[in-house]
Amino acid sequence: MLWGTEIYNNTSLSMKVREVLYQCKSQYQMIEIFDTYDYGKVLMLDGCMMVSEADEFFYHETISHLPISLLKKAQNVLVLGGGDGGTVREVARYDQVKNIDLVEIDGDVINACKKYLPTVSVGFNNPKVNTYVQDANVFLETVKDKTYDLVICDGSDPVGFAEVLIQRNFYQLIQRVLGDNGIFITQTGSPLSQKEELQSTWTNLSSVFPHCKIAWSVVPIYPGAFWSFMIASNEELPTQAMNPEPLPEGLSFWCREYLASTLTTPNFVREIIEL
Ligand code: SPD
């Protein structure tokens, strides 16, 4: 009997595996895709759960529809990471979105997800999506000032090669490419099991951007299940929906009513980031 297990500090989450579909050590990380009994196909990177077919909608709908709801218009979007394709799948649903650049460092993740996770990676088939297999920092250096309405960082936990994703220098590069009233959103981990990462991310982000907020969602397969996101802008962030385009049909989680809840910071999170 085989189990796919993520061990995070002193806690683990295991899924019973029906079949190992893919295992490969890429230039950057160990990539595994399992067919599990309860969560469908699951992508793990370096032993961390990234995406399951059963629950990916919580994460991908939040990281996409939350910032788009807050923008008057999202025409030009940059996704950093997101090599499974789930985030671009959601962003591409809007008519107002005309161009999406996705920059993923590990081409092997993209190829594996295209083959084994088609309901997630379907986003890559959209003609609005341009895919660059490149280091996000290197890509950002080549971009003109104020190019994007929205920048989404859909990265891994900030360890190893992904450690740069919570550094000030990275946020400064993003700040430069955000247009007027543009919004940046990044996944920022579990307030239950990744308190230190949350603190340092908030410190770095709020030292670069004058306006920052924290949002939350649930992701059952991630450590702690209660998951945080941070949004940032050079201008004041709205507190209610600004986008006139109706939400795409057929969403599983995100709805207009959820916006106010996700932007409400629970007291235990306030205490961590000293808000
Ligand atoms: N602890 C896992 C954090 C992973 C965040 N990114 C997931 C990628 C989904 N597109």
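All of these numbers come straight from a predicted model, not from anything done at the bench. Both counts, for ligands and for their atoms, begin at 1 and track the order of listing.
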Self-check item: Within-shell test, Met49 vs ligand 1, heavy atom, strictly < 4.0 Å
Solution: yes
Quiz item: So, does Trp227 sit close enough to ligand 1 that a heavy atom of it is under 4.0 Å from the ligand?
Solution: yes
Quiz item: Are any of the heavy atoms in Glu6 under 4.0 Å away from ligand 1?
Solution: no
Quiz item: Judged by atom type as modelled, is there a donor-acceptor pair below 3.5 Å linking the side chain of Asp46 to the main-chain atoms of Met30?
Solution: yes
Exercise. Would you please indicate yes or no on a ring centroid separation below 6.0 angstrom for Tyr59 and Phe229?
Key: yes
Quiz item: Taking the six-membered ring of Phe124, is NZ or CZ of Lys114 closer than 6.0 Å to its centre and within 45° of its axis?
Solution: yes
Quiz item: Between Arg89 and Glu56, does at least one N-O distance fall below 4.0 Å, as a salt bridge requires?
Solution: yes
Quiz item: So which protein heavy atom does atom 9 (C) of ligand 1 come closest to, and at what separation?
Solution: Asp84 OD2, 3.2 Å
Quiz item: Has ligand 1 got any nitrogen or oxygen that is less than 3.5 angstrom from a nitrogen or oxygen of Asp154?
Solution: yes
Quiz item: Just which atoms of ligand 1 are under 4.0 Å from any heavy atom in His60?
Solution: 9 (C), 10 (N)
Exercise. Return the residue, atom name and 0.1 Å-rounded distance of the protein heavy atom closest to atom 3 (C) of ligand 1.
Key: Asp157 OD1, 3.5 Å
Quiz item: Looking only at protein heavy atoms, which one is nearest to atom 7 (C) of ligand 1, and how far off is it?
Solution: Tyr222 OH, 3.0 Å
Practice problem: Please verify whether a non-hydrogen atom of Gly155 lies at under 4.0 Å from ligand 1. | Solution: yes
Quiz item: For ligand 1, which atoms have a heavy atom of Val51 less than 4.0 angstrom away?
Solution: 9 (C)
Quiz item: Does the ring centre of Phe34 sit less than 6.0 Å away from the ring centre of Tyr116?
Solution: no
Quiz item: Between Thr36 and Arg18, does any side-chain donor sit less than 3.5 Å from a side-chain acceptor?
Solution: no
Self-check item: Centroid-centroid under 6.0 Å between Phe184 and His211 rings
Solution: no
